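One structure below.
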Amino acid sequence: MNKHILLALLILYWIGGTVHLFAQNQAAPLRISAQLTDQTLPDIFQVLENQYPLHFYYRTDELPKGKYSLQVQDVPLENALQQLLNESK
């Protein structure tokens with residue numbers, strides 16, 4: 001087998017093992033609960049920032065206007081935000 005091909009395969013194997021170990025060491029996703037009704041998106045983001053170890057970065061002028069609700073109980077943050085953004089369409 002060509003030395004270059006063997007070296008490339010060894011590097012790919014090493015990278016694959018590193019990625020696998022990295023994925024195993026990841027923490028569980030942040031789960032949140034919120035009962036928020038008729039609030040602006042910046043207000044909802046502020047409440048979540050006050051209750052959980054996270055921070056949202058956004059430009060207020062680019063957010064949709066209006067009032068939104070977020071009713072979730074012990075769900076991953078990603079799911080809660082998806083629910084909120086689906087409502088804003």
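Excluded from the calculations below are hydrogen atoms, water molecules and symmetry mates; all remaining heavy atoms, backbone and side chain alike, are included. In this text, all values refer to a predicted model and were calculated from it rather than measured experimentally.
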Exercise. Can you check whether Thr40 reaches Leu63 side chain to side chain, under 4.5 Å on heavy atoms?
Worked result: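 Side chain of Thr40 against side chain of Leu63, heavy atoms only: no contact under 4.5 Å found.
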
Exercise. Under 4.5 Å between any side-chain heavy atoms of Val47 and Asp43, yes or no?
Worked result: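 The answer is no; the side chains never approach within 4.5 Å.
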
For this session: Determine the interplanar angle of the Phe45 and Phe56 rings, folded into 0 to 90°, and report it as parallel if under 30°, tilted if 30 to 60°, perpendicular if over 60°.
Result: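 Rings of Phe45 and Phe56: parallel, as their planes differ by under 30°.
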
Can you name the closest pair of heavy atoms from [X] and [Y] and give their distance?
X     : Y     : value
Ala34 : Leu48 : CB-CD2, 4.3 Å
Gln83 : Gln71 : NE2-O, 3.7 Å
Ser33 : Tyr52 : N-OH, 2.9 Å

Problem set entry | Flag, side chain of Gln39 to backbone of Ser69, donor-acceptor distance under 3.5 Å |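 Such a contact is absent between Gln39 side chain and Ser69 backbone.
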
Exercise. Within the side chain of Tyr68, is there an N or O that forms a donor-acceptor pair under 3.5 Å with the backbone of Leu85?
Worked result: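 No; judged by distance alone, with no hydrogens or angles, the pair does not exist.
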
From [atom1] ([X]) to [atom2] ([Y]), nearest 0.5 Å:
X     : Y     : atom1 : atom2 : answer
Arg31 : Glu78 : CZ    : CD    : 12.0 Å
Leu77 : Leu54 : CG    : CG    : 6.0 Å
Leu41 : Lys67 : CG    : NZ    : 10.5 Å

For this session: Could you check Asn79 against Val72 for side chain to side chain contact (heavy atoms under 4.5 Å, CB included), going step by step and ending with a plain yes or no?
Result: CA-CA 9 Å; Asn79 294 15; Val72 293; over 6 Å; no

